[in-house]
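Before any comments, here is the structure.
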Amino acid sequence: MRISILTIFPDFVRVVKEYGVVSQAVENGILEIEIFNLRDFAKDKHKTVDDYPYGGGPGMVMKPAPFFEFFKFYNETYGKPYVVLTSPQGDVLNNSIARELASKDHLLIICGRYEGIDERVMKFVDREISIGDYVLTGGELPAMVIVDVVSRFVPGVVDEESVKNDSFYNDLLDHPHYTRPRVIEDMRVPEVLISGNHEEVELWRRKESLKKTMLKRPDLFMKHQFDEIDKRALLSLFRELMA
Ligand SMILES: COc1ccccc1CNc1ccc(C(N)=O)cn1
């Protein structure tokens, strides 16, 4: 999968491809991440990317011409990508949107700055995405979040099991995790996890996920489709609560 990012701050976003599983996926060719500087497509001497807003008002607006120049170059060179704009007006990102974006061969993420982007640039945009209901000084952090979340759904980037057990994969919150030592400051690892009984472990984990989700995210709990393991876990949970 190829992901490109268009920004006036290329050094800001570069780190997203330099660490962890994303950098490994880039190294072994599962992911291609390319960063383009919008300023390179501003043809005037001062490489201007912003200008005063028609109609007045505070701040500046991103000029359309550099974007038009960029897309002329980009579409001819790489073919037409699926274009995402990160903006406060977008659909709020969640796992299902991320999974949908991960199915595209070729994604381009546009990062806005200033008060916003000239509306005529929207002709290139397929999807507007927000990472939450707040305004940032730029679209670069949302672009990095999208690259990270989408990468996890690209086959081979992370262990399939890990994605399958994603707490939000089956819309339950994650169970507690433990590793060595078995005891630290008198705090012990739950015995079931040391029992080696995988069925018991899976039941315990599911019970913990259901308990945590019921308490912290009743909205997710109500949406959850209960499978056989869930039912056994819930029974065990109720027995525990009644005891
Ligand atoms: C006024 O800013 C803009 C206006 C229009 C586009 C981009 C920006 C850049 N800012 C952003 C971007 C994304 C998010 C988000 N919630 O995903 C928040 N702020």
Side-chain angles (χ1 to χ4, degrees), residues 1 3-17 19-20 22 31 33-42 47-75 80-104 106-154 166-168 171 217 219-220:
M1 177 180 188
I3 305 178
S4 296
I5 302 177
L6 177 61
T7 168
I8 61 170
F9 296 134
D11 294 339
F12 188 121
V13 298
R14 201 178 309 286
V15 294
V16 76
K17 67 182 206 175
Y19 295 88
V22 175
L31 272 182
I33 299 180
E34 200 157 1
I35 298 163
F36 294 89
N37 186 342
L38 183 68
R39 260 188 217 294
D40 295 343
F41 299 89
K47 293 194 170 298
T48 317
V49 293
D50 64 317
D51 203 341
Y52 295 98
Y54 278 119
M60 303 294 273
V61 172
M62 296 187 89
K63 292 171 66 67
F67 287 97
F68 279 68
E69 285 301 322
F70 169 79
F71 278 105
K72 206 181 299 168
F73 151 78
Y74 194 91
N75 293 354
K80 200 179 169 329
Y82 186 82
V83 181
V84 165
L85 166 68
T86 63
S87 108
Q89 283 76 36
D91 301 327
V92 179
L93 182 67
N94 58 31
N95 262 353
S96 57
I97 292 178
R99 212 174 284 127
E100 184 194 322
L101 296 179
S103 70
K104 310 291 179 193
H106 186 180
L107 198 57
L108 169 76
I109 306 173
I110 298 177
C111 306
R113 282 266 154 182
Y114 308 103
E115 293 306 307
I117 304 175
D118 184 288
E119 191 62 16
R120 289 164 291 186
V121 176
M122 294 309 285
K123 84 172 230 182
F124 299 108
V125 174
D126 296 300
R127 189 90 185 259
E128 237 178 322
I129 289 183
S130 165
I131 60 167
D133 290 334
Y134 37 81
V135 178
L136 298 157
T137 55
E140 282 77 14
L141 286 170
M144 295 165 81
V145 166
I146 291 170
V147 168
D148 193 292
V149 176
V150 168
S151 296
R152 294 187 73 255
F153 288 104
V154 175
D166 244 5
S167 49
F168 281 84
D171 59 46
R217 291 291 303 272
D219 59 310
L220 290 178

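Whatever order the structure lists them in is the order used to number ligands and atoms, beginning at 1. All values derive from a computational prediction rather than experimental measurement.
- In terms of polar-atom proximity, Leu136 is counted as a contact of ligand 1, with an N or O under 3.5 Å from an N or O of the ligand.
- Considering backbone and side-chain atoms together, Gly132 places an N or O closer than 3.5 Å to an N or O of ligand 1.
- A salt bridge between Glu140 and Arg113 is present, with a side-chain N of the basic residue lying under 4.0 Å from a carboxylate O of the acidic one.
- Taking every non-hydrogen atom of Thr86 and a distance limit under 4.0 Å, the qualifying atoms of ligand 1 come out as 6 (C), 7 (C), 12 (C), 13 (C).
- For Thr48 (side chain) and Asp50 (main-chain N/O), no donor-acceptor pair under 3.5 Å exists by modelled atom type.
- Atom 6 (C) of ligand 1 has Ser87 CB, 3.6 Å as its closest protein atom, hydrogens excluded (heavy atom only).
- By the 3.5 Å distance cut-off applied to N or O atoms, Ile131 is counted among the residues near ligand 1.
- By the 30° and 60° cut-offs, the orientation of the rings of Phe71 relative to Phe124 is parallel.
- Taking any N or O of Arg113, backbone or side chain, none lies under 3.5 Å from an N or O belonging to ligand 1.
- At a 4.0 Å cut-off, not a single heavy atom of Ile117 sits close enough to ligand 1 to count as contact.
- In this structure, Lys17 contributes its side chain and Ile33 its backbone to a donor-acceptor pair below 3.5 Å.
- The aromatic rings of Phe41 and Phe36 lie tilted to each other, with the angle between the two planes from 30° to 60°.
- Note: an N/O pair closer than 3.5 Å links Ser130 and ligand 1 by distance alone.
- Those atoms of ligand 1 that come under 4.0 Å of a heavy atom in Gly139, given as number and element, are 9 (C), 12 (C).
- Open room surrounds NZ on Lys123; 12 or fewer heavy atoms of other groups in view lie less than 6.0 Å from it.
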